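Here the structure comes first, spelled out in structure tokens, and everything after it is commentary.
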Amino acid sequence: MIISNIFENAPDIEIKDIMTDSRVKMEDAIFFCIIGLVNDGHNFIAQAIENGAICIVHSKELDKYYEGITYLKVDDTLTALNQFVCAYYGDVTNDMIVYGVTGTNGKSTVAWIIRYLISRYKKCGYIGTMGYMWDDTINDSFLTTPDVEVLHEMLKEIYDNGCREVSIEVSSQGLDLRRIDAVKFDYVIFTNLTHDHLDYHGTMENYYLAKEKLFKIVGPEQTGIVNIDDSYAKRIIAAANCQIVTFGIDNEADYKANNIKLFKDHTEFELVCKGKTYKIDTNLVAKFNVSNLLAVLATLSEAGYDIDDLIPYLKTIPQVMGRVQIIDCGQNFNVIVDYAHTPDGYEKIYEYINSITEKGKRIITVFGAHGARDYKKRPMIGKIADDNSDVLILSAEDDHWEDPYEICKEIAGGITKNSWVYIADRYDAIRQGIELANEGDTVCILGKAAEQYFKIGDGKVYWMGDDNAAIDILNKYLKGDNNNEN
């Protein structure tokens with residue numbers, strides 16, 4: 001890429017890579033001095049040059065200029081980065097239909113199912129918490145909404161593999177940090193807004209305003225799909241620059257679910273929209289997944305897909321990794337793995353768990369909480385687990401820089417009804433929960449779900465995933481191999 005093709009008054013220098021982290025070695029790179037929450041890229045120019053930067057894009061006056069290095073001063077380095085990255089990888093979202101899903105809970109499920117259903121007809125990609133993917137290819141992604149340059153590299157790879165549609169989970173941090181500024185969305189979806197990420201946003205108002213941005217960056221030719229049952233829906237609708245359609249269960253909506261029947265292994269309801277009523281039978285379970293499925297069907301219907309054609313596929317939606325995942329290895333009790341990590345997520349998963357657990361049987365919960373994250377919600381999830389469980393086992397989750405036991409002690413601040421035990425090793429904690437279960441009980445494993453890593457410090461350490469751990473333990477348990485060490 002010749003930088004003069006993008007920036008006015010720039011020399012004809014060829015750039016081979018994009019650098020925003022001065023610690024990463026690259027050849028002939030352009031370094032953008034991004035001003036972040038903690039660090040300012042302007043302070044790391046020397047390191048960037050040492051690691052291969054030949055061009056520096058900055059917004060502040062510099063104390064020192066190095067010989068042989070090209071400097072480009074701009075008003076805003078983040079705007080310049082989005083502009084450059086879009087040109088560097090090609091403006092592929094201009095030639096794709098892009099679905100953006102935001103909300104506290106449900107993003108992964110909605111984005112995943114959109115990809116699955118579209119893939120019955122044509123290639124569709126996905127970017128989000130569970131990685132980035134197309135066809136049967138799944139790649140890891142460290143963030144729900146990746147950094148600008150990483151996101152556009154992923155989009156280019158998805159495009160080059162034949163996808164002309166893509167569903168993207170859009171986090172509040174991704175919106176606030178402007179990671180999606182150069183993505184051209186066609187459909188934007190709002191699932192809900194509840195307590196989360198206040199370590200970053202500080203207040204629910206700031207959290208909401210970050211989510212609202214997704215509905216402001218699109219125009220009148222695009223469509224927004226909004227959960228009318230959520231208390232923030234009216235504000236989202238009032239702020240939106242796009243056309244709006246609504247979905248809901250408890251309130252009148254353009255796409256509404258009536259006569260919901262919840263079962264342990266499937267759900268039935270009537271979808272009312274556009275003057276027609278459709279009978280829906282899906283293998284998704286729990287009321288909150290009715291809302292998620294409404295979001296999907298509303299979006300795809302607005303995108304031109306026929307609901308009648310989609311209905312047969314709703315019975316066999318592949319397991320959304322770690323989302324209300326029923327682990328059945330032939331045991332005579334229930335094991336549920338779920339990604340729930342917010343107070344609202346806990347309330348919703350327990351609503352389902354209570355519905356499938358016979359009266360007089362126990363609910364055993366294995367859980368923890370993120371380190372270096374929203375501290376206020378720790379006793380909140382502790383209280384909800386306490387109110388809905390008979391046995392509580394606390395364990396390590398993503399510690400970052402915190403002591404996992406101290407994290408669990410803060411969770412225990414909300415536990416007043418039951419006693420609790422702390423087991424540091426997550427595998428052992430899950431094993432203990434399963435070995436305590438009797439016939440008809442439910443073991444509920446919350447937090448990590450299918451994630452195959454722990455976040456420790458700034459990096460990752462391998463973890464097999466709560467789902468795989470449960471399967472491994474159950475298989476040993478059923479064979480009577482309970483003393484086998486992990």
Side-chain angles (χ1 to χ4, degrees), residues 264-265 285-286 322-343 345-369 378-397 404-405 407-409 411-451 463-484 486:
K264 180 178 178 178
D265 59 354
V285 296
R323 272 62 178 177
V324 202
Q325 185 170 352
I326 301 170
I327 308 295
D328 186 356
C329 296
Q331 75 277 5
N332 60 4
F333 52 88
N334 305 307
V335 177
I336 307 295
V337 171
D338 191 73
Y339 187 64
H341 59 283
T342 67
Y346 269 59
E347 294 280 8
K348 287 177 176 175
I349 190 63
Y350 278 119
E351 182 180 6
Y352 170 68
I353 288 169
N354 281 307
S355 74
I356 66 167
T357 307
E358 295 179 17
K359 187 176 180 179
K361 300 299 182 179
R362 298 180 305 164
I363 294 174
I364 300 164
T365 301
V366 182
F367 68 118
R378 292 175 184 174
M380 296 168 69
I381 64 172
K383 183 180 188 308
I384 297 166
D386 189 34
D387 289 343
N388 290 277
S389 305
D390 301 283
V391 179
L392 296 169
I393 301 172
L394 276 64
S395 187
E397 201 165 298
Y405 179 63
I407 294 172
C408 291
K409 281 173 63 178
I411 294 171
I415 298 173
T416 58
K417 185 182 72 173
N418 295 294
S419 59
W420 57 279
V421 62
Y422 170 72
I423 301 176
D425 184 274
R426 195 169 179 90
Y427 185 95
D428 286 341
I430 294 170
R431 176 168 58 188
Q432 182 67 45
I434 287 173
E435 290 181 354
L436 285 173
N438 296 318
E439 183 176 355
D441 289 345
T442 298
V443 180
C444 171
I445 307 165
L446 305 180
K448 291 298 293 175
E451 289 181 342
W463 164 239
M464 66 197 310
D466 288 354
D467 53 346
N468 290 326
I471 291 168
D472 185 63
I473 293 163
L474 281 168
N475 285 332
K476 293 174 181 176
Y477 177 89
L478 294 171
K479 293 176 181 177
D481 190 15
N482 296 341
N483 294 316
N484 198 352
N486 177 35

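Just so it is clear, the structure is predicted and the values come from calculations on it, not from any experiment.
Nearest heavy-atom pair across P379 and G413 is CB-C, 4.2 Å. Shown here for V366 and G433, the closest heavy-atom pair between the two residues is CG2-CA, 4.3 Å. Minimum interatomic distance between I381 and H341 (heavy atoms only, all atoms of both residues): CG2-O, 4.5 Å. For the pair A469 and I430, the tightest heavy-atom approach, listed with the atom from each and the gap, is CB-CD1, 4.0 Å. Residue V443 comes nearest to A437 through the heavy atom pair CG2-CB, 3.7 Å, listed as atom of the first residue, atom of the second, then distance.
Side chain of E451 to main chain of A449: no donor-acceptor pair is present (N/O by atom type, distance under 3.5 Å, no hydrogens or angles). A donor-acceptor pair is defined here as one N or O able to donate and one able to accept, closer than 3.5 Å; no such pair exists between the side chain of D441 and the backbone of F333. A donor-acceptor pair under 3.5 Å is formed between the side chain of N418 and the backbone N or O of S389. Checking side-chain atoms of Y352 against main-chain N and O of K264 turns up a donor-acceptor pair under 3.5 Å. No donor-acceptor pair under 3.5 Å is formed between the side chain of S395 and the backbone N or O of G368. Under the 3.5 Å distance criterion, the side-chain polar atoms of N475 are matched with a main-chain donor or acceptor of I471. With hydrogens and angles ignored, the 3.5 Å screen pairs no side-chain donor or acceptor of D386 with any backbone N or O of G382.
Here L478 contributes atom CG and I434 contributes atom CD1; the two are 9.5 Å apart, rounded to the nearest 0.5 Å. Atom CD1 of I353 is separated from atom CD1 of I363 by 6.0 Å, given to the nearest 0.5 angstrom. Taken to the nearest 0.5 Å, the CH2 atom of W463 stands 11.0 Å off from the CD atom of E397. With values rounded to the nearest 0.5 angstrom, T442 atom OG1 is found 3.5 Å from N334 atom CG. Rounding to the nearest 0.5 Å places CD1 of I445 at 7.0 Å from CD1 of I473. The distance from atom CD1 of I336 to atom CD of Q325, rounded to the nearest 0.5 Å, is 9.5 Å.
Y346 and F367 have perpendicular rings, their planes meeting at more than 60° on a 0 to 90° scale where under 30° would count as parallel.
At least one side-chain heavy atom of D472 sits under 4.5 Å from a side-chain heavy atom of Y427. Proximity of R426 to D466: side-chain heavy atoms (C-beta onward) are separated by under 4.5 Å at one or more points.
Note on K361 versus D390: no salt bridge recorded, every NZ/NE/NH1/NH2 to OD/OE distance being 4.0 Å or above. Salt bridge present: R431 and D428 bring a charged side-chain N and a carboxylate O closer than 4.0 Å.
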### Query
Would D328 and Q331 count as a side-chain contact (heavy atoms from CB on, under 4.5 Å) if you check the C-alpha gap in whole Å, the side-chain angles of each, and the deciding distance to 0.1 Å?
CA-CA 7 Å; D328 186 356; Q331 75 277 5; 4.0 Å; yes
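In this structure, a donor-acceptor pair under 3.5 Å is absent between the side chains of Y350 and D387.
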